[in-house]
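Keep in mind that this is a model prediction, so the values were computed, not measured.
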Amino acid sequence: MLVSLRFAVAGDVYAIKLKMYEYFIYEQLKKYERVNKSFHVPGHKARGDFKLKFPVAGIDATELSYSDNLFCPAGVIANAQRDIAQILGARKSYIVTGGSSSGVLTMLYVASKRWNKLIVPRNSHQSVWNACKLFGVEPVIVQGEEKDGIILPPSPEHIEGLVENDVNIAGMIVAQPDYYGNEAPLSAYYSILHSYNRLLIVDGAHGSHLAFEPERKGYAGVYADMWVDGVHKSLPVLTQGAVVSVNNQNLVPEVEEALCCFRTTSPSYPVMASAEYGIKYIANNPRLVTEAKAAVKTFKEKAHGFTFYPSDDWTKLIIDFKPLGISSDAAAEFLEKRGVYAELSDGRYLLFYLSPMTKPRDLSALNLALNRLRENKKLAGSYKESLPFPKNERTYSFQFALKHKREYVPLKDSEGRMCAVNVGITPPCIPVVAAGEIVSKEAVAVLSGGKSTFGIVGGKIPVVKK
């Protein structure tokens, strides 16, 4: 159904025509909620104290005659996925209930069927590294320049040099945008990779909302052969709701094969319904994006005395506490005592994750708390400069290191040894040393100073046994 919509933001009147989408899965579940006599899973039966504590229980169905089947959809799920593909600009879209991670596993499984190498930026999500382990893919690790303490996307020239000289590289996976809202040069990557008949795979976990920007600016699906949207991160969707989409028609059979491997056979119907709902709700209400962006702009104009990281993405509101001489960890603790919880603190930056559902009153409350923080003199001088991210040498492959015998040595004694697994600091969960790389003096220093690490057990690091 086409409707005309008029709305005003900051005195400007907007008029648009749009198709109003139905919420197929949710409406079907609600229709049968009262009449369903449950002699099927799940075991809570939408009864008693459980339903009082978890009201969503009434629509927590399984594959029934009215609810369709995610593995062979022919009813409401098929209709939902068709509309989602249309909204996102994809040839095919598939709902997944295991978050973006299950989408990454799906896409890298498909890539592994072509060649045994894939270009992987250092700041890729943990699921990318896990997929490489599972499928025997050798990650060709690339590391962009570091600016203001953040690793940026690698240059297109670097990517071209790699694919030009190695026929075994299937393509590249890249986050768009990354956790800090930096957008990769997808257009340039696309041109290079497709000129060499390679794949562009995008982890769009943090960029679902970009599908609703004018001309879908910055959105993964504009250029990617395959991509995943972590719709639960920036749209009104329950946690773990995600969508895998395909633009390259040749990949559809393999993507569907992979989804059968990495999607659960008992998908959450509330999560599925919310994934459809969140995408369609924003498509039906585009003013929410316009209003939220305007509110963020106003907030930044009023937040005097704070320095913002120049993120490309308006939903990543990032304050740099270095100019104030305050540790972002101390700032986060101060704010949490006042009921304000940020998404991420890395010692320098505090990331506030917004969405089209963010309201001016939310930002007003944040501004008030930040002003109190700035006035608190006890926090001054708590900032400590972080060490630059090391660049490590490699002697053997990622896969060799994973499969070789290992031993655990104290971190302080590990310089010069080959790392047997990925080790790093979290947040933001980037490997400081990847499997197969040589532990450098700089890497030991960075890991020793990390407030929270992964891959290190009891102060010891796994290295390849001599």
Side-chain angles (χ1 to χ4, degrees), residues 21-81 83-84 93-103 105 127 205 208 228-244 259-285 288 336-343 353 355-359 361-362 365:
Y21 291 93
E22 299 177 61
Y23 306 120
F24 290 112
I25 301 175
Y26 175 78
E27 289 169 358
Q28 186 79 338
L29 295 174
K30 291 297 291 183
K31 178 180 177 181
Y32 283 88
E33 180 178 8
R34 292 185 178 180
V35 300
N36 183 357
K37 301 296 186 294
S38 176
F39 291 96
H40 53 77
V41 298
H44 58 70
K45 305 301 181 184
R47 295 268 175 81
D49 190 55
F50 185 89
K51 188 173 183 181
L52 290 175
K53 287 183 167 60
F54 301 93
V56 76
I59 61 169
D60 186 21
T62 187
E63 295 85 355
L64 301 169
S65 58
Y66 69 84
S67 58
D68 207 359
N69 189 314
L70 185 59
F71 281 81
C72 50
V76 290
I77 296 174
N79 292 336
Q81 292 186 153
D83 283 356
I84 289 170
S93 289
Y94 307 89
I95 298 171
V96 293
T97 59
S100 298
S101 295
S102 60
L105 290 172
S127 60
S208 305
V228 61
D229 283 304
V231 289
H232 69 97
K233 285 181 163 58
S234 60
L235 299 180
V237 175
L238 292 174
T239 297
Q240 290 189 268
V243 173
V244 173
L259 286 168
C260 288
C261 297
F262 305 115
R263 285 194 301 199
T264 174
T265 55
S266 299
S268 165
Y269 270 80
V271 171
M272 282 195 288
S274 75
E276 179 196 10
Y277 173 88
I279 293 169
K280 290 183 174 181
Y281 184 74
I282 301 303
N284 287 340
N285 300 277
L288 294 173
E336 287 179 4
K337 290 178 179 178
R338 287 149 184 82
V340 176
Y341 288 81
E343 167 74 16
Y353 210 125
S355 86
M357 306 307 289
T358 300
K359 300 299 180 184
R361 63 177 178 274
D362 303 323

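Rounded to the nearest 0.5 Å, atoms CG (Leu259) and CZ (Phe71) are 8.0 Å apart. Distance check: Ser355 OG to His232 NE2 gives 13.0 Å after rounding to the nearest 0.5 Å. Considering CD of Gln240 and OG of Ser101, their distance stands at 9.0 Å, rounded to 0.5 Å. Put simply, CD on Gln28 and CG on Leu64 are 10.5 Å apart, with the number rounded to the nearest 0.5 Å. Residue His44 holds its NE2 atom at 14.5 Å from NZ of Lys53, rounded to the nearest 0.5 Å. For the atom pair OH of Tyr269 and CG of Asp60, the computed distance is 10.5 Å after rounding to the nearest 0.5 Å.
Tyr32 and Tyr66 have parallel rings, their planes meeting at less than 30° on a 0 to 90° scale where 60° marks the start of perpendicular.
Taking the side chain as every heavy atom from C-beta outward, Val41 and Ser266 never approach each other to under 4.5 Å. Taking the side chain as every heavy atom from C-beta outward, Phe24 and Asp83 approach each other to under 4.5 Å. Side chains of Pro236 and Ile282 form a contact here, defined as non-hydrogen atoms less than 4.5 Å apart.
Atom CZ of Arg47 sits in a sparse spot, with 12 or fewer heavy atoms from other residues, nucleotides or ligands closer than 6.0 Å. Applying the 6.0 Å contact sphere to OH of Tyr26 captures no more than 12 heavy atoms from other residues, nucleotides or ligands. Counted within 6.0 Å of NZ on Lys359, heavy atoms from surrounding residues, nucleotides or ligands total more than 12; the atom is thus considered enclosed.
Contact check on Glu27 versus Lys30 returns no salt bridge, with no Lys/Arg side-chain nitrogen under 4.0 Å from an Asp/Glu carboxylate oxygen.
Using modelled atom types, one side-chain atom of Arg263 and one backbone atom of Ile95 make a donor-acceptor pair closer than 3.5 Å. Proximity of a side-chain donor or acceptor of Ser208 to a complementary backbone N or O of Ser234 within less than 3.5 Å is not detected. Side-chain atoms of Asn284 come within 3.5 Å of backbone atoms of Tyr21 as a donor-acceptor pair (strictly under, hydrogens ignored). Within the 3.5 Å criterion, the main-chain N or O of Ala275 finds no donor-acceptor partner in the side chain of Lys280. Side chain of Thr97 to main chain of Val271: no donor-acceptor pair is present (N/O by atom type, distance under 3.5 Å, no hydrogens or angles).
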The test is side-chain contact (heavy atoms from CB on, under 4.5 Å); show your working for Ile279 and Leu235 and say whether it passes.
CA-CA 7 Å; Ile279 293 169; Leu235 299 180; 4.0 Å; yes
**OP:** Could you walk me through whether Leu70 and Gln81 pass side-chain contact (heavy atoms from CB on, under 4.5 Å), step by step?
**Re:** CA-CA 10 Å; Leu70 185 59; Gln81 292 186 153; 3.8 Å; yes
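Residues Val96 and Val244 come closest through the heavy atom pair CG1-CG2, 4.1 Å.
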